[in-house]
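Here is the structure we will look at, set down as structure tokens.
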Amino acid sequence: KVVASSSSTVLSMLNQRSRLLQFAWYDEMKTRDQGCYKCTKDGCGLDFDHAYKNNCYNINNNFKKLTIEEAREQSYWSEYAVEGSRWYSHLKGAYEKSWTKVVRTGFGTFHSNTGTFGRHPWANQDPMFYVHHASVFLVRDLALANLVKNGHAYPPLYGLDEYLTSRGVPECPGNNPTDTTVFKNLVRYKVGQEPGSRHEWKHIMEMWSPERRDYEWVL
């Protein structure tokens, strides 16, 4: 058991966006995916067999914080995590902030069981799941409309392609505008495209743009 190293409270975490992400998001992702935890209806604790095997939180070295160079050797790292990409930042945060939640802020390895609104396979059984995501998509659309209104970006990519070009570092394969996705028949096909073929992201974004989409928000 990790002994609390600070007087942090859950409320102090909720009052700060970065710490809220650290508490509720990062330590719910790769650590759960790695099998670091086993859960019951009463909560989740370390699955020590998997924890030692996957070196969760660097448990094999008494929870000592690793450098990013050392963390890259962990099983959750990816060869496509090129520094400067969002994927790199995501994995970096998954290690650093989950470790911080467990050790530095003293919350330890216990997790509440977040129920069907959590990040696990049965989450979409929660009746609020789709309502919550619909509200997120609406806020996103309103934000994009505001970018257009102020002349900062335009559909369908809203400057994403220019951002990646100027940054000089692509995202991991499958997440760039011209990459082919796993999705088929998600949006309408254009003349010349093969029905049933996999879409590129830029095509999905085009067909979801306000001028081409098959739905509208009624507020």
Side-chain angles (χ1 to χ4, degrees), residues 17-18 20-21 24-26 28-34 76-94 97 114-219:
R17 177 181 176 275
S18 61
L20 174 60
L21 289 173
W25 183 266
Y26 281 107
E28 280 275 341
M29 295 188 303
K30 289 302 176 183
T31 48
R32 189 185 285 270
D33 292 343
Q34 281 182 283
Y76 64 73
W77 203 262
S78 164
E79 63 180 299
Y80 302 114
V82 180
E83 188 168 0
S85 69
R86 295 284 295 179
W87 184 231
Y88 174 91
S89 299
H90 174 80
L91 293 182
K92 181 174 182 286
K97 294 185 179 181
T114 50
T116 56
F117 201 33
R119 299 169 188 86
H120 37 64
W122 57 90
N124 61 358
Q125 294 182 14
D126 192 293
M128 287 299 295
F129 183 87
Y130 293 109
V131 177
H132 174 265
H133 280 72
S135 68
V136 171
F137 298 149
L138 173 58
V139 170
R140 170 188 172 275
D141 272 5
L142 292 174
L144 293 176
N146 193 56
L147 288 176
V148 175
K149 178 181 177 181
N150 293 300
H152 297 311
Y154 301 94
L157 296 178
Y158 296 93
L160 177 60
D161 50 342
E162 297 174 1
Y163 168 71
L164 291 174
T165 300
S166 64
R167 192 181 70 181
V169 178
E171 282 303 322
C172 59
N175 291 273
N176 297 285
T178 57
D179 288 345
T180 300
T181 72
V182 298
F183 301 110
K184 304 176 182 179
N185 303 304
L186 182 64
V187 294
R188 286 176 290 141
Y189 291 92
K190 301 169 74 172
V191 174
Q193 292 181 331
E194 181 67 28
S197 62
R198 293 182 175 181
H199 304 297
E200 291 185 351
W201 278 118
K202 64 178 183 179
H203 176 59
I204 295 174
M205 294 292 288
E206 178 183 356
M207 303 309 287
W208 276 349
S209 64
E211 295 79 13
R212 302 297 300 272
R213 64 177 52 159
D214 295 318
Y215 67 91
E216 64 179 2
W217 297 106
V218 180
L219 303 177

With a 4.0 Å cut-off on N to O distance, would you call E83 and K92 a salt bridge? no
Does [X] reach the main-chain N or O of [Y] with its side chain, forming a donor-acceptor pair under 3.5 Å?
| X | Y | answer |
| --- | --- | --- |
| E200 | T181 | no |
| N176 | E171 | yes |
| Q193 | K190 | yes |
| D179 | N175 | yes |
| N146 | L142 | no |

Holding to ring pair (Phe, Tyr, Trp, His ring centres under 6.0 Å), I want the full list of residues that pass it with W208, two or more places apart in sequence or in another chain. none
Would you mind reporting whether [Y] and [X] have side-chain heavy atoms less than 4.5 Å apart?
| X | Y | value |
| --- | --- | --- |
| Y80 | Y88 | no |
| T178 | K202 | yes |
| R188 | D214 | yes |

Look up atom CZ in R86 and atom SG in C172, then write down how far apart they are to the nearest 0.5 Å. 12.0 Å
Under the side chain to side chain contact (heavy atoms under 4.5 Å, CB included) rule, collect the residues that match up with E211, sequence neighbours excluded. P155, S209
Quick one: do S85 and R167 satisfy side chain to side chain contact (heavy atoms under 4.5 Å, CB included)? Show the steps, please. CA-CA 9 Å; S85 69; R167 192 181 70 181; 4.1 Å; yes
Which pairs pass ring-ring contact (aromatic ring centres under 6.0 Å, His included) with one or both residues in residues 169-207, sequence neighbours excluded? F183-W201, Y189-H199, H199-H203
Within residues 146-178 or reaching into it, pairs that qualify as ring-ring contact (aromatic ring centres under 6.0 Å, His included) - sequence neighbours excluded: none
Run the salt bridge (charged side-chain N to carboxylate O under 4.0 Å, His left out) test against E194 and tell me which residues pass, sequence neighbours left out. none
Residues passing the salt bridge (charged side-chain N to carboxylate O under 4.0 Å, His left out) test with R213, sequence neighbours excluded, are D141
Can R212 and E206 be said to form a salt bridge (charged side-chain N to carboxylate O under 4.0 Å, His left out), step by step? CA-CA 7 Å; R212 302 297 300 272; E206 178 183 356; 3.3 Å; yes
